[in-house]
Amino acid sequence: MVDVTLRALQRSATYRAQRTRNVLLLALVLGIGSFFAFSFALSGGSLQTKILLSVFAAVIGGVVQLFSERWNIERQMHAYCEEQFGTDEPINFQVKLAPTGILTERQGTQVNFVWPNVEEIAETDDSIDFYMRNNSGIVVVRKRAFASAEEMRRFLALAAEYLAQPHSFAEPAPRV
């Protein structure tokens, strides 16, 4: 669940914009704050030295923010999964391909992702990812779920075949 959430966030323009805003805001605050701190601590130092040290502090703060953010999100998602599901261990669910869509079932909940909503099928090193239009979801099928490489290849071929077929229902409405 945590890994799937992180994959979905990486494709979200809203998330990327918020992350950029957070990094820039932190860098700005650190830059200004450190300039005043260096001005007070280095009262005899040159203006160039104070500016250079402030820019350095801002850059370091921005880089730390970039790397610590992923760790923070992972930690929060682990806590959320433990709260919601009673564990932060992997949660099993079933994925079935049908002519109408991708049918998923997890802990008694069924969801049907219809083929017109599937934007992309991507094979990664460890999974097959189904990305939905308008960032409305992601379904990840781990490669370890297949008994063989041939079974996985057939699954992927069937998904591509269903996705390529014309569908009789209308395109999904745009998100508001």
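Being a predicted model, the structure only gives us computed values, none of them experimental.
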Is Arg133 reaching over with its side chain to a backbone N or O of Pro116, donor-acceptor style, under 3.5 angstrom?
-> yes
Closest approach of Glu150 and Arg153, non-hydrogen atoms and distance?
-> OE2-NH2, 2.6 Å
For residues Leu103 and Ala98, report the shortest heavy-atom separation together with the two atoms involved.
-> CD1-CB, 4.0 Å
Let me see the working for Gln18 and Thr14 under side chain to side chain contact (heavy atoms under 4.5 Å, CB included), right down to the final yes or no.
-> CA-CA 6 Å; Gln18 183 66 42; Thr14 301; 5.6 Å; no
Considering residues at least two apart in sequence or located in another chain, which fulfil the salt bridge (Lys or Arg N to Asp or Glu O under 4.0 Å) criterion with Glu105?
-> none
Nearest-0.5 Å distance, CG of residue Leu97 to CG of residue Leu158 = 5.0 Å
Side chain to side chain donor-acceptor pair (under 3.5 Å): pairs with one or both residues in residues 53-68, sequence neighbours excluded = none
Show the numbers, then the answer: is there a side chain to side chain contact (heavy atoms under 4.5 Å, CB included) between Val111 and Phe93?
-> CA-CA 11 Å; Val111 178; Phe93 68 101; over 6 Å; no
Going from CZ on Arg16 to OG1 on Thr20, what distance comes out if it is rounded to the nearest 0.5 angstrom?
-> 8.5 Å
Check for a donor-acceptor pair, side chain of Trp115 on one end and backbone N or O of Ala164 on the other, with a separation under 3.5 Å.
-> no
For Phe146, what residues pass the ring pair (Phe, Tyr, Trp, His ring centres under 6.0 Å) criterion, not counting sequence neighbours?
-> Phe155
Considering non-hydrogen atoms only, spot the tightest contact between Glu151 and Ser148 and give its length.
-> N-OG, 3.1 Å
Should Phe130 and Leu163 be counted in the same cluster of Ile, Leu, Val, Met, Phe, Trp and Tyr side chains packed under 4.5 Å apart?
-> yes
Residues in salt bridge (Lys or Arg N to Asp or Glu O under 4.0 Å) contact with Glu123, at least two apart in sequence or another chain = Lys143
Just how far is it from atom CG of Leu47 to atom CZ of Phe38, taken to the nearest 0.5 Å?
-> 13.5 Å
Would you kindly confirm whether Val59 and Leu25 end up in one hydrophobic cluster when ILVMFWY residues are joined by side chain heavy atoms under 4.5 Å apart?
-> no
CG of Asp129 to OG1 of Thr124: how many Å apart, nearest 0.5 Å?
-> 5.0 Å
Phe56, Ile51: one ILVMFWY side-chain cluster at the under-4.5 Å cut-off?
-> no
Supply the atom-to-atom distance Gln76 CD to Asn72 CG, rounded to the nearest 0.5 angstrom.
-> 4.5 Å
Residues that Lys96 engages under salt bridge (Lys or Arg N to Asp or Glu O under 4.0 Å), provided they are two or more places apart | none
Give the minimum heavy-atom separation between Met132 and Val139, together with the two atoms involved.
-> CE-CG2, 3.9 Å
Indicate if Leu53 and Leu30 have the same hydrophobic cluster label, given that clusters are the connected sets of ILVMFWY residues with side-chain heavy-atom separations under 4.5 angstrom.
-> no
Honestly curious: do Val29 and Val63 fall in one hydrophobic cluster under the side-chain, below-4.5 Å linking rule?
-> no
Salt bridge (Lys or Arg N to Asp or Glu O under 4.0 Å): pairs with one or both residues in residues 35-55, sequence neighbours excluded = none
Do Arg19 and Asn22 get their side chains close enough for a donor-acceptor pair, meaning under 3.5 Å?
-> no
Nearest 0.5 Å please: distance from the CD1 atom of Ile102 over to the CG atom of Asn112.
-> 8.5 Å
For the student: nearest non-hydrogen atoms of Ser127 and Val140, plus distance = CB-CG1, 3.6 Å
